[in-house]
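Values in this document were obtained by computation on a predicted structure and should not be read as measured data. Note on naming: letters A, B, ... go to the chains in the order of the sequence lines (proteins, then strands), and numbering restarts at 1 for each one.
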Amino acid sequence: MNKSLYITNTLSKKKELFEPLNSPFVGMYVCGPTVSGESHLGHARPYVTFDLVYRYLTHLGYKVRYVRNITDAGHFEEEGRESEDKVNIKAKLERIEPMELVQKYTNLYHDMMDLLNCERPGIEPTATGHIVEQIEMIKIIIAKGLAYEVNGSVYFDVTRYAKDNDYGKLSGRVIDDMIAGSRELDGQNEKRNAADFALWKKAPPEHIMRWPSPWGDGFPGWHIECSAMATKYLGATFDIHGGGMDLLFPHHESEIAQSKTVSGKNPVKYWMHNNMITINGRKMGKSYNNTITLREMFFGGHQLLERGYDPMVIRFFILQTHYRSTLDFSNEALQASEKGLQRLLNAFESIDKITPATESSVELEKIRTDCYKAMDDDFNSAICIANLFELARICNSAVDGTESMTKEDIDNAKEIFDTFLYQVLGIKAIKKDVSGDMESLMKIMLSIRDEAKQKRDFSTSDKIRDELQKLGIAVKDTKDGATWSKN
RNA sequence: GGUCGCGUGGCCGAGUGGUUAGGCAGAGGUCUGCAAAACCUUGUACAGCAGUUCGAAUCUGCUCGCGACCUCCA
């Protein structure tokens, strides 16, 4: 088992040696989507990031239990601007059952994740499926004196909790500052303190999604679902909790408070947070009205997109940046990633063309070691990819005959690509659907072109190539005859 | 306003005290009937100012610019 993986822990803000609580088992919880709308490019970041984490840990031999929730209860507007949740509002607009809406977007989300080649989590619990667990948890918190009921709603008493616990440690908040700096908003009056947050919210009569509870009909607060589901499936203390940096406060901070109140233990050993995707330097988010849905990303149709991009290009684009850095979106950057990825994939394909040499002029072991080193350093996929480009260069040179690779080198090169590009980074070859008819037609076209070339009738051969190019079919002449590929 | 973070060559992006990151684009070359691909060569980069140091993009301070969280958000 690898003993040199370092992970940046948001809790300590340092890179820490990864030592699972109960090796080789690893428990990982990742905050999943609220399925009240379509997934956008911003959503792709955490799921690709933690897919990378999951894949690498699995590659190292850990047995990972990967839990990623679906928030299908919707969140009410916490500070009481409106006491309706998002699912409710949307369901009314679309004149359908809330669960119908939730199902629709869950399905769509799954489709998008599949296209991005994100492994499905081992357990994907839903908030609505764990109302009982959430209510039980709230009861315990009340029993411990850290929550209070007002008019059918239950609030967590942050001030009281903070007396004996370090509320704010994860996000670097100081509770007095928070109270002093908080704004006066309607609906806050039920709370004893501005810093308190809701565990259970009373449902107004028009609210469709509602459940009976000891405090009357209502629905769970924003943070309790993650505490309840993580505890249920991973225990009171588990290894890794992941999510976007924007969830640090108040979501994850509150999650710690809830879980710790119930179990008496810190719930998570390593907190991991991915950074945001920006567009024109600004975070991509609903409130900025600058989101590009994944569907638009893949198939085109958004005004900021020149065209659609293959899901693998999006995945590669995300992985070319370290997960803790912001990633700036642009067509230019995306096209650079597209070409780069194609270069890697082509290099891998061309390995078979290498003639094995008796003596080697290349050093592949260093590349393998450097790939591991990069991944061990807080999952630095950007550096891992840089090493793969070096490997691509070596393979291409071997095809050209300027480097020599032995049979063993060739096997190693394939193995390194397979391990890192395909297994760990989760890239899969971009396959264009090409029918058998098309194969046959192209065979005919190329043989006609070849005949023209034999007769040095280049105007005909070039015409064939140019016309095919217009259809998105690239013809390339090589030593061994012409090849073609579809864009 | 409070807390935190960022500013790297045309673009995207690693790096963190001395040695080439990498990709894309651009320029020149090799190969080719031509192209494409591939290979080789090529870039006064580290917001500004001051300081620490033999040496700073990397540490410290200040200034400027940008962003995130504090309200649903990945």
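- The listed nucleotides are B:rG13, B:rC11, B:rA36; the one nearest the side chain of A:K476 is B:rA36.
- With A:V48 as the partner, the side chain to side chain contact (heavy atoms under 4.5 Å, CB included) test is satisfied by one option alone out of A:L425, A:I318, A:N274: A:I318.
- The phosphate of B:rC4 (OP1 or OP2) has no side-chain N or O of A:S171 nearer than 4.0 angstrom.
- Of the candidate nucleotides B:rG33, B:rG15, B:rG13, B:rG33 has the atom nearest to the side chain of A:K453.
- Taking the six-membered ring for Trp and thresholds of 30 and 60 degrees, A:F329 and A:F317 have ring planes more than 60 degrees apart, a perpendicular arrangement.
- As judged by a 4.0 angstrom heavy-atom cut-off over every strand, A:L341 is placed among residues making no nucleic acid contact.
- Here A:R465 pairs with A:D462 in a salt bridge; the nearest charged N to carboxylate O distance falls below 4.0 Å.
- On the C1' atoms, B:rA14 is 14 Å away from B:rG9, given to the nearest whole Å.
- Among the atoms of the strands shown, none is found under 4.0 Å from any heavy atom of A:T278.
- For B:rC12, the OP1/OP2 oxygens have no side-chain nitrogen or oxygen of A:N331 closer than 4.0 Å.
- Heavy atoms of A:V475 sit under 4.0 angstrom from at least one base atom.
- One finds a side-chain N or O of A:R343 lying less than 4.0 angstrom from the OP1 or OP2 phosphate oxygen of B:rA38.
- A salt bridge does not link A:E363 to A:K366: none of the charged side-chain nitrogens sits closer than 4.0 Å to a carboxylate oxygen.
- Looking at A:K201 and A:Y155, their side chains do bring a donor and an acceptor atom within 3.5 Å of each other.
- If you find the closest nucleotide of RNA chain B to A:D400 and to A:G42, the one lying nearer the 5' end belongs to A:D400.
- For the pair A:F389 and A:D246, nearest-nucleotide mapping onto RNA chain B gives the more 5' position to A:F389.
- Separating the C1' atom of B:rC66 from that of B:rC72 is a span of 24 Å, rounded to the nearest Å.
- A:H273 comes within contact range of no nucleotide atom at all, as no heavy-atom separation falls under 4.0 Å.
- Atom C1' of B:rG43 sits at a distance of 30 Å from the matching atom of B:rG5, rounded to the whole Å.
- Of the P atoms belonging to B:rC40 and B:rC24, the separation is 12 Å, rounded to the nearest Å.
- Taking atom P on both B:rC54 and B:rG15, the two are 29 Å apart, rounded to the nearest angstrom.
- Nucleotide B:rU53: unpaired (no Watson-Crick or G-U wobble partner with both distances less than 3.5 Å).
- A salt bridge does not link A:D466 with A:K463: none of the charged nitrogens is closer than 4.0 Å to a carboxylate oxygen.
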Self-check item: Protein-to-nucleotide contact annotation, 5' to 3' order, nucleotides 27-32 of chain B [B base; S sugar-phosphate only; - none; under 4.0 Å, heavy atom]
Solution: ------
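- Remark: the separation of the P atoms in B:rA25 and B:rU20 is 24 Å, to the nearest Å.
- Backbone-only engagement by A:K13 is indicated by non-hydrogen atom pairs under 4.0 Å involving sugar-phosphate atoms exclusively.
- Counting non-hydrogen atoms under 4.0 angstrom, A:S337 reaches nothing in the nucleic acid.
- Across all strands shown, A:K339 has heavy atoms under 4.0 Å from sugar-phosphate atoms exclusively, and none from any base.
- We find that A:R315 and A:D310 are not joined by a salt bridge, their nearest charged nitrogen and carboxylate oxygen being 4.0 Å or further apart.
- Here B:rC6 presents its P atom at 10 Å from CZ of A:R324, a figure rounded to the nearest Å.
- One finds no side-chain N or O of A:Y288 lying less than 4.0 angstrom from the OP1 or OP2 phosphate oxygen of B:rG67.
- One can find a donor-acceptor pair under 3.5 Å joining the base of B:rC34 and the side-chain atoms of A:D477.
- In this structure, A:F50 has its ring center at least 6.0 angstrom away from the ring center of A:Y29.
- Residue A:G281 is in sugar-phosphate contact alone, with no base atom involved, counting any heavy-atom pair closer than 4.0 Å across all strands shown.
- A:E253 has no carboxylate O lying under 4.0 Å from a charged side-chain N of A:K169, or vice versa, which leaves the two without a salt bridge.
- With P as the reference atom, B:rU63 and B:rC73 are 35 Å apart, rounded to whole Å.
- Aromatic pair A:H241/A:Y270: centroids not less than 6.0 angstrom apart.
- Base pairing analysis places B:rU3 opposite B:rA68; the two distances defining the Watson-Crick or G-U wobble pair are each below 3.5 Å.
- If you check residues 461-473 of chain A against RNA chain B, the residues with a heavy atom closer than 4.0 Å are A:S461, A:D462, A:R465, listed by number.
- To the nearest angstrom, P of B:rA37 lies 18 Å from CZ of A:R393.
- A:G172 comes within 4.0 angstrom of the backbone, heavy atoms only, and of no base.
- Salt bridge absent: A:E190 and A:K202 never bring a charged side-chain N and a carboxylate O closer than 4.0 Å.
- Distances shorter than 4.0 Å separate none of the side-chain N or O atoms of A:R173 from OP1 or OP2 on B:rC4.
- When only modelled atom types and interatomic distance are considered, A:H252 and A:H223 share no side-chain donor-acceptor pair under 3.5 Å.
- Under the Watson-Crick or G-U wobble criterion, with both distances below 3.5 Å, B:rA47 is paired with B:rU63.
- In this entry B:rA21 has no Watson-Crick or G-U wobble partner, no candidate having both defining distances under 3.5 Å.
- Rounded to a whole Å, the CD atom of A:E390 is 14 Å from the P atom of B:rA21.
- With rounding to whole Å, A:E451 atom CD is found 19 Å from B:rG33 atom P.
- At whole-Å resolution of the value, CE in A:M245 and C1' in B:rU3 are 14 Å apart.
- Considering only side-chain N and O atoms, A:W222 lies under 4.0 angstrom from the phosphate OP1 or OP2 of B:rC73.
- When distances are taken from the side chain of A:A382 to each of B:rC39, B:rA14, B:rA68, the shortest belongs to B:rA14.
- Look at the C1' atom in both B:rG55 and B:rG13: the space between them is 27 Å, to the nearest Å.
- A:D378 places a side-chain N or O within 3.5 Å of a backbone atom of A:T8 that can act as its donor or acceptor partner.
- Backbone-only contact: A:A333 has heavy atoms under 4.0 Å from sugar-phosphate atoms and none from a base.
- For the pair A:K286 NZ and B:rC69 P, the computed distance is 14 Å after rounding to whole Å.
- Within 4.0 Å of A:L247, counting heavy atoms only, lie sugar-phosphate atoms of the nucleic acid but no base atom.
- The side chain of A:D328 lies closest to B:rG13, out of B:rC70, B:rA21, B:rG13.
- Using N1 to N3 plus N6-O4 or O6-N4 for Watson-Crick, or N1-O2 and O6-N3 for G-U wobble, each under 3.5 Å, B:rA38 pairs with B:rU30.
- One finds no salt bridge joining A:D409 and A:K414 here, because no Lys/Arg side-chain nitrogen approaches an Asp/Glu carboxylate oxygen to under 4.0 Å.
- Rounded to a whole Å, the CG atom of A:L170 is 12 Å from the C1' atom of B:rC69.
- Base contact: A:F458 has a heavy atom under 4.0 Å from a base atom.
- To the nearest angstrom, C1' of B:rG67 lies 11 Å from NZ of A:K283.
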